[in-house]
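Please read the structure below before turning to the comments.
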Amino acid sequence: MIDPRLLRDDPDRVAAALSRRGVDPAALEQLRLLDEQRRELIAGVDAARAEQRTASQAIGRAEPADRPALIAQAGARKGELAAREQQLARVEADHAAAFARVPNLPHPDAPDGVEGDGVVRGTLGQRPSFDFPPRDHVELLEAADAIDLARGAKVSGARFAYLKGEGALLEFALVRYAIDIAMEYGHVPVIPPVLVRESAMYGTGFLPTDAQQLFTTRDEEYYLIGTSEVPLAALHLDELLDPDDLPVRYVGYSPCFRREAGAHGKDTRGILRVHQFEKVELFSFVAPEDSDAEHERILAIEQEVFDGLQIHAQIVDIPVGDLGASAARKFDLEAWLPGQDAYREITSCSNTTDYQARRLRTRIRVDRGNNVLAHTLNGTALAVQRAIIALVEQHQREDGSVVVPARLQPYLGRERLFAG
RNA sequence: GGAGGGUUGGCCGAGCGGACGAAGGCAGCGGUCUUGAAAACCGCCGUGCGGCGCGAGUCGUACCGGGGGUUCGAAUCCCCCACCCUCCGCCA
């Protein structure tokens with residue numbers, strides 16, 4: 001949620017920032033009016049309550065003989081208060097719903113544009129060249145019996161797969177490798193719940209806007225997380241953090257579930273886009289003034305992870321038109337996939353400034369009640385399936401085997417994969 | 001799944017219809033004392049929303065797990081829900 005006070009005090013600035021994301025200024029003006037209406041009603045209700053309270057308290061102090069008259073008098077005011085309260089409740093509900101739909105203010109440095117307009121800010125490694133026609137990950141993994149797509153489809157449907165044998169071992173190795181790097185940067189490892197309540201989805205900004213991407217349980221009591229960002233962000237729901245404890249850094253490992261609604265026919269081959277995948281996720285709570293630096297730090301972790309895997313990728317500053325609702329700025333790592341001859345997203349890190357924290361009510365204690373909202377940031381340390389794709393496609397040899405990068409070898413216990 | 005007991009401020013814990021934002025203790029902060037520290041003593045010490053003020057602040061209101069109800073008045077009474085604990089059953 002954006003700051004209603006900022007909209008109140010500086011509506012032009014908010015309108016200018018959000019127009020970069022295509023938000024209609026007229027809609028913001030409506031919001032501002034709603035906010036004004038809300039404040040007027042609050043003043044009225046508070047005054048009515050004050051009156052009623054003093055009247056009731058007087059009854060307690062009065063002589064018993066005088067009470068019946070005072071009670072009748074106080075009782076007469078009840079209806080008016082209730083009516084005002086009802087009106088306020090309606091406006092509060094509209095207010096909350098309307099504000100929930102407004103995306104975060106983009107970072108001033110985030111580039112303009114829509115999907116595809118990202119600015120490349122650097123590259124990792126060298127683009128590998130092959131003196132044979134490179135295979136894609138499906139060919140490589142299936143030949144080695146490291147993946148079973150057909151049976152994944154039989155059991156669970158399209159966009160599901162089994163990782164088997166060296167494919168499964170690869171996951172364990174990659175996960176531990178990524179977690180070790182994150183820990184060196186001070187992130188505390190966490191295995192979070194993967195089923196969460198609606199309040200956690202709402203607080204992290206996935207609801208109401210991304211409802212069509214989420215799986216729910218049959219009784220609809222729970223949502224399946226689309227990323228461990230959700231339970232990690234919600235960890236400090238409704239908490240006041242001590243500034244001495246900051247920054248608070250976590251690295252979560254969990255499965256992630258996505259409906260991929262609207263992606264019909266897109267990336268249907270292999271495990272690039274599946275309904276269930278595993279991910280090692282970085283998450284930080286920081287003081288507002290530190291969030292830009294923390295964003296760079298998270299990006300640095302992602303770079304170290306993929307540098308260590310000797311994967312060639314480019315670092316992209318994502319344009320405002322392609323940002324999720326809660327992000328002010330986002331950097332993606334896009335690895336080159338020889339099987340597609342294209343750069344595809346393998347990690348993503350976002351600075352959500354105070355947008356998530358406002359909904360989650362995660363604040364930082366500051367002197368004399370000037371508490372501030374925390375800034376939250378998230379990033380992919382390693383998305384297992386996509387990392388496997390990049391790794392096997394970039395490090396493949398003509399015989400279909402894969403050279404294991406030196407830094408991963410201790411975790412995998414071998415120098416070659418799929419060597420037969 | 002069945003039976004019972006709980007949920008109060010950063011923590012512990014009193015309160016069981018009226019002057020309660022809530023006793024007391026611990027922790028924390030400031031001070032007195034001390035060469036320094038400890039101890040002792042004194043003071044301060046919740047959060048949200050809204051109003052006023054340039055500001056330190058100040059006024060109003062809400063909050064005792066969440067929601068609803070009864071009442072002139074609810075932390076206290078009633079209903080629903082969530083969570084925690086104990087016992088039984090089941091279970092990796």
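Model, not experiment: these values are computed from the prediction. Every chain is numbered from 1, with letters handed out A, B, ... down the list of sequences.
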Take the protein atom CG of A:L81 and the nucleotide atom P of B:rC72, then report the distance between them rounded to whole Å. 13 Å

Applying a 3.5 Å limit to both distances, which nucleotide forms a Watson-Crick or G-U wobble pair with B:rA82? B:rU7

Phosphate-side-chain proximity, A:R39 and B:rU61, N/O vs OP1/OP2 below 4.0 Å: no

Of the options B:rC83, B:rU61, B:rG18, whose atoms approach the side-chain atoms of A:R197 most closely? B:rC83

Does B:rC49 have OP1 or OP2 sitting under 4.0 Å from an N or O in the side chain of A:R5? yes

Please determine if a side-chain N or O atom of A:R365 lies less than 4.0 Å away from the OP1 or OP2 oxygen of B:rU47. yes

Write down the distance separating the C1' atoms in B:rA74 and B:rA62, rounded off to the nearest Å. 14 Å

Between P of B:rG10 and CG of A:D238, the distance in whole Å: 11 Å

Between P on B:rC54 and CG on A:D9, what's the gap in Å once rounded to a whole number? 14 Å

Partner of B:rC91 by Watson-Crick or G-U wobble geometry, both contacts under 3.5 Å, or none? none

Looking at B:rG48, B:rG50, B:rC72, which one has an atom nearest to any side-chain atom of A:Q52? B:rC72

Identify the nucleotide, in any strand shown, that forms a Watson-Crick or G-U wobble pair with B:rA40, with both distances under 3.5 Å; if there is none, say none. B:rU32

Short question: side chain of A:H137, backbone of A:I271 - any donor-acceptor pair under 3.5 Å? yes

is_close_aromatic(A:H295, A:F331), centroid dist under 6.0 Å: yes

For B:rC78 versus B:rG18, give the span between their P atoms, rounded off to a whole number of Å. 16 Å

In whole Å, what is the span from the CD atom of A:E92 to the C1' atom of B:rG50? 10 Å

Partner lookup for B:rC20, please. Criteria are Watson-Crick or G-U wobble with both distances under 3.5 angstrom; report none if nothing qualifies. none

Taking the ring centre of each residue, are A:F285 and A:H236 less than 6.0 Å apart? yes

Closest approach to the side chain of A:S56, judged atom by atom: which nucleotide of B:rC72, B:rU47, B:rU61 is it? B:rC72

Please give the nucleotide sitting opposite B:rC77 as a Watson-Crick or G-U wobble pair, both distances under 3.5 Å, or none. B:rG69

RNA chain B nearest-nucleotide lookup for A:E51 and A:G60: closer to the 5′ end is A:G60

Using the side-chain heavy atoms of A:A43, tell me which of these nucleotides is nearest: B:rC72, B:rG50, B:rA62. B:rG50

Are any of A:Q73's side-chain N or O atoms less than 4.0 Å away from OP1 or OP2 of B:rC72? no

Within the side chain of A:R363, is there an N or O that forms a donor-acceptor pair under 3.5 Å with the backbone of A:L373? no

Taking only N and O in the side chain of A:R49, is any of them less than 4.0 Å away from OP1 or OP2 of B:rG60? no

Are the side chain of A:S401 and the backbone N or O of A:R397 linked by a donor-acceptor pair below 3.5 Å? no

Are the side chains of A:L214 and A:L224 in touch, meaning some heavy atoms are under 4.5 Å apart? no

Sticking with atom C1', work out how far B:rG15 lies from B:rC72, rounded to a whole angstrom. 23 Å

Searching all strands shown, indicate the nucleotide that pairs with B:rG55 (Watson-Crick or G-U wobble; both distances under 3.5 Å). none

B:rU61 phosphate, OP1 or OP2: any side-chain N/O from A:R53 under 4.0 angstrom? yes

Any side-chain N or O of A:R38 less than 4.0 Å from the OP1 or OP2 oxygen of B:rC49? no

Taking the six-membered ring for Trp and the single ring otherwise, decide whether the centroids of A:F283 and A:H187 are under 6.0 Å apart. no

Taking CG from A:L240 and P from B:rG28, how many angstroms apart are they, rounded to a whole number? 19 Å

Separation of A:R67 atom CZ from B:rG17 atom P, in whole Å? 14 Å

Between C1' of B:rG10 and CZ of A:R363, the distance in whole Å: 13 Å

Could you check which nucleotide pairs with B:rU61 in any of the strands shown, counting Watson-Crick or G-U wobble with both distances under 3.5 Å? B:rG48

Measure from CD on A:Q37 to C1' on B:rC49 and round the result to the nearest Å. 17 Å

